[in-house]
Amino acid sequence: MENRKKDFLWGGATSASQAEGNFENNGHSLSVWQMIPYIKLQDRASIPLNFESFTKAWVEEVFENKQGLHYPKRFGSDYFNRWKEDIDLLAEAKLDIYRMSISWSRIYPNGDELEPNQKGLEFYGKVLNYCKEKGLKVMATLSHFETPYPIGKKYGGWMNKQVIDMFVKFAKTCFTEFGDLVDFWVPINEINMTAIVPMMGGASFLEDFPGTSYDQLRFQTLHNQFVGQAKVVQLGHEMLGKKNIGCMIANMTAYPIDCNPVNILEWQKHQQTQRYFYFDMVAKGEYPTYMLKLFEKLNVKIDTNPEEMTILKNNTVDFLSFSYYMSGTVGTTDVQYTSGNLTGTGKNPFLKATEWGWQIDPQGLRYTLNDLWDRYHLPLFISENGMGYDDKLNDKKTVDDDYRIDYLKQHFKAIMDAIDDGADVFGYTMWGVIDLVSGGTNEMSKRYGLVYVDYDDFHNGTGDRFKKKSFYWFKKFQETGEL
Ligand code: BGP
């Protein structure tokens with residue numbers, strides 16, 4: 001099959017806190033995500049973490065690290081030192097676009113500084129200029145779960161509306177410094193993370209807000225992020241004079257477990273509250289009725305005012321970007337569960353799953369693209385997709401990752417089919433294009449890349465980069481347009 005849309009952007013993605021390392025130098029503070037240690041999984045396919053266990057007391061205790069735990073995201077794949085080599089590899093594989101994040105913790109390590117950290121700006125200036133030199137377009141995420149931990153500690157994270165202004169200040173610095181070097185901006189990665197785990201998404205801990213329910217915490221923190229994101233959209237439009245700012249949402253496509261009407265209603269509720277809600281907020285700029293009803297039921301009262309609601313309404317995004325790894329099922333009964341991105345979901349007997357239990361569903365991507373295009377009529381970009389696998393480097397210093405090639409081929413075909421169906425899709429960035437630390441499980445051995453990085457789960461290894469079979473496959477796809 002041929003790649004029929006000639007200006008489509010094919011690329012790869014990484015994040016600062018999973019790739020950079022070098023956490024204690026150059027004024028960098030730890031981001032929330034770098035506070036979580038590696039804990040060996042007994043069963044990779046079972047949901048690994050009890051998110052409510054991430055209390056502030058626990059984080060502070062592990063911070064002292066008397067138990068000698070390993071924190072993989074503080075080491076990443078040593079991108080901070082090897083960025084040039086990595087960008088060369090991306091250019092060699094003929095990527096059109098590279099999605100990366102600019103670590104908030106490197107630019108405003110405490111959030112409340114008046115001036116940005118020059119060393120951080122210098123680093124990203126070098127990286128972005130080099131991308132330009134190599135002909136790579138760039139999508140920059142402003143916070144890939146990278147709220148500096150000091151903001152959580154001192155201000156209570158995104159639950160505190162002062163953090164909105166800190167984020168806007170950070171965005172303003174990035175627009176000023178890098179506005180000419182970045183092609184597309186995404187303010188907040190997978191914004192729905194905050195409604196699932198406010199500590200990870202928003203650096204807000206329940207202990208800091210006595211008398212507040214967990215539901216109130218998660219939806220208020222999320223609301224403040226929606227407002228912060230809308231303010232950044234407004235600022236970007238004013239400063240950059242371009243329509244190049246999108247959202248990033250973890251897409252939760254699911255199917256009803258069967259055609260029993262009670263299950264259809266359950267599925268509809270799930271898709272509204274777990275999926276459309278986020279897209280509705282950033283595309284339509286107001287709370288949908290079904291969420292207002294849910295808030296009543298949960299006794300959630302969003303602290304807001306008419307000015308914030310106007311900001312949300314007037315500053316919707318220019319494109320919709322989302323992660324798509326898998327699909328799930330929903331029903332009231334008879335559902336067996338499996339792991340997935342951010343949350344678990346129902347098993348689907350028609351789908352195979354990875355070792356981590358993530359169900360592989362390329363046709364679900366075609367369905368999702370058609371569905372989102374029909375509903376919003378905004379250009380679509382798949383900003384994360386890929387297959388985590390415990391790749392092994394062979395004697396020839398490569399990885400024969402035919403399973404990954406197969407996964408990518410099927411998903412690329414699904415995108416092309418969706419374009420044929422009429423959906424306006426303009427780009428795709430494969431997750432973890434150069435191996436990096438897993439977001440959810442902190443394993444280095446859960447690999448997604450076209451390039452193998454020689455580190456194990458404890459950061460032992462040379463850090464050397466090796467091209468996998470999928471690297472050559474991707475390059476050929478770019479050269480020929482043939483899948
Ligand atoms: C998304 C995150 C990414 C990445 C990806 C894969 O939720 O935005 O940062 O980690 O999931 O997840 P994992 O690394 O846990 O396999």
Side-chain angles (χ1 to χ4, degrees), residues 12-20 31-34 36-41 44-49 51 72-73 75-77 79 98-104 139-147 186-197 199-202 225 246-253 274-275 278 321-328 338-345 353-360 381-391 404 407-408 411 428-449 453 455 457:
T14 62
S15 77
S17 56
Q18 289 165 270
E20 284 178 9
S31 62
V32 270
W33 234 14
Q34 291 169 318
I36 314 294
Y38 167 75
I39 295 161
K40 191 167 171 47
L41 298 171
R44 282 173 151 167
S46 76
I47 299 165
L49 299 167
F51 291 129
K73 293 196 187 91
F75 303 90
S77 52
Y79 175 91
Y98 172 39
R99 172 176 176 240
M100 55 176 267
S101 69
I102 298 175
S103 172
W104 190 356
M139 176 178 281
T141 311
L142 289 175
S143 182
H144 196 115
F145 312 137
E146 282 153 0
T147 305
V186 171
I188 298 176
N189 184 61
E190 295 189 338
I191 197 163
N192 33 345
M193 169 67 107
T194 305
I196 300 167
V197 201
M199 175 268 165
M200 297 266 210
Q225 287 198 339
C247 60
M248 165 43 165
I249 292 164
N251 176 76
M252 306 283 184
T253 294
Q274 306 295 314
R275 190 160 163 251
Y278 300 95
S321 102
F322 62 92
S323 55
Y324 178 91
Y325 289 93
M326 53 171 299
S327 67
T338 184
S339 292
N341 187 23
L342 306 197
T343 59
T345 184
T354 69
E355 194 186 342
W356 283 264
W358 295 24
Q359 301 182 117
I360 302 172
F381 189 103
I382 302 119
S383 46
E384 285 184 29
N385 167 255
M387 186 191 200
Y389 201 93
D390 192 348
D391 296 330
R404 180 168 295 108
Y407 178 103
L408 294 173
H411 284 79
Y428 168 100
T429 46
M430 176 194 317
W431 175 248
V433 60
I434 292 181
D435 288 349
L436 39 60
V437 173
S438 156
T441 65
N442 288 300
E443 295 162 285
M444 187 67 206
S445 50
K446 188 181 186 189
R447 299 167 183 276
Y448 284 87
V453 173
Y455 283 126
D457 289 335

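Every number for a ligand or one of its atoms is a count from 1 in the order of the listing. We're numbering straight along the sequence, starting at 1.
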Are Glu384 and Arg99 within salt-bridge range, i.e. N to O under 4.0 Å? yes
Excluding sequence neighbours, so at least two apart, what forms salt bridge (charged side-chain N to carboxylate O under 4.0 Å, His left out) with Arg447? Asp435
Report the nearest protein non-hydrogen atom to [atom]: residue, atom name, distance rounded to 0.1 Å.
{"atom": "atom 10 (O) of ligand 1", "result": "Gln18 NE2, 3.1 Å"}
{"atom": "atom 2 (C) of ligand 1", "result": "Glu384 OE1, 3.3 Å"}
{"atom": "atom 12 (O) of ligand 1", "result": "Trp358 CH2, 3.5 Å"}
{"atom": "atom 7 (O) of ligand 1", "result": "Glu190 OE1, 2.4 Å"}
{"atom": "atom 11 (O) of ligand 1", "result": "Asn341 OD1, 3.4 Å"}

Counting N and O atoms only, with roles assigned by atom type, does the side chain of [X] sit under 3.5 Å from a partner on the main chain of [Y], one being a donor and the other an acceptor?
{"X": "Gln225", "Y": "Gly201", "result": "yes"}
{"X": "Lys73", "Y": "Ala16", "result": "no"}
{"X": "Thr141", "Y": "His144", "result": "no"}
{"X": "Thr14", "Y": "Met100", "result": "no"}
{"X": "Asn385", "Y": "Tyr324", "result": "yes"}

Do [X] and ligand 1 have an N or O pair less than 3.5 Å apart?
{"X": "Ser15", "value": "no"}
{"X": "Leu342", "value": "no"}
{"X": "Gly439", "value": "yes"}
{"X": "Asn189", "value": "yes"}

Ligand-residue contact atoms, ligand 1 with [X], heavy atoms, under 4.0 Å:
{"X": "Ser438", "answer": "13 (P), 14 (O), 15 (O), 16 (O)"}
{"X": "His144", "answer": "2 (C), 3 (C), 8 (O), 9 (O)"}
{"X": "Gly440", "answer": "13 (P), 14 (O), 15 (O)"}
{"X": "Tyr448", "answer": "6 (C), 12 (O), 13 (P), 16 (O)"}
{"X": "Tyr325", "answer": "5 (C), 6 (C), 11 (O)"}

Between Glu20, Glu146, Gln18, which is the residue that forms a side chain to side chain donor-acceptor pair (under 3.5 Å) with Ser101? Glu146
Only counting residues at least two apart or in another chain, list the ones meeting side chain to side chain contact (heavy atoms under 4.5 Å, CB included) with Phe75.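 With neighbours one apart ignored, the set is Phe23, His70, His459.
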Could you tell me how the ring of Trp358 sits relative to the ring of Tyr325: parallel (under 30°), tilted (30 to 60°) or perpendicular (over 60°)?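 Aromatic pair Trp358/Tyr325 classed perpendicular.
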Option with minimal heavy-atom separation from atom 4 (C) of ligand 1, where the choices are Trp33, Phe145, Trp431, Trp356: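 Answer by nearest heavy atom: Trp431.
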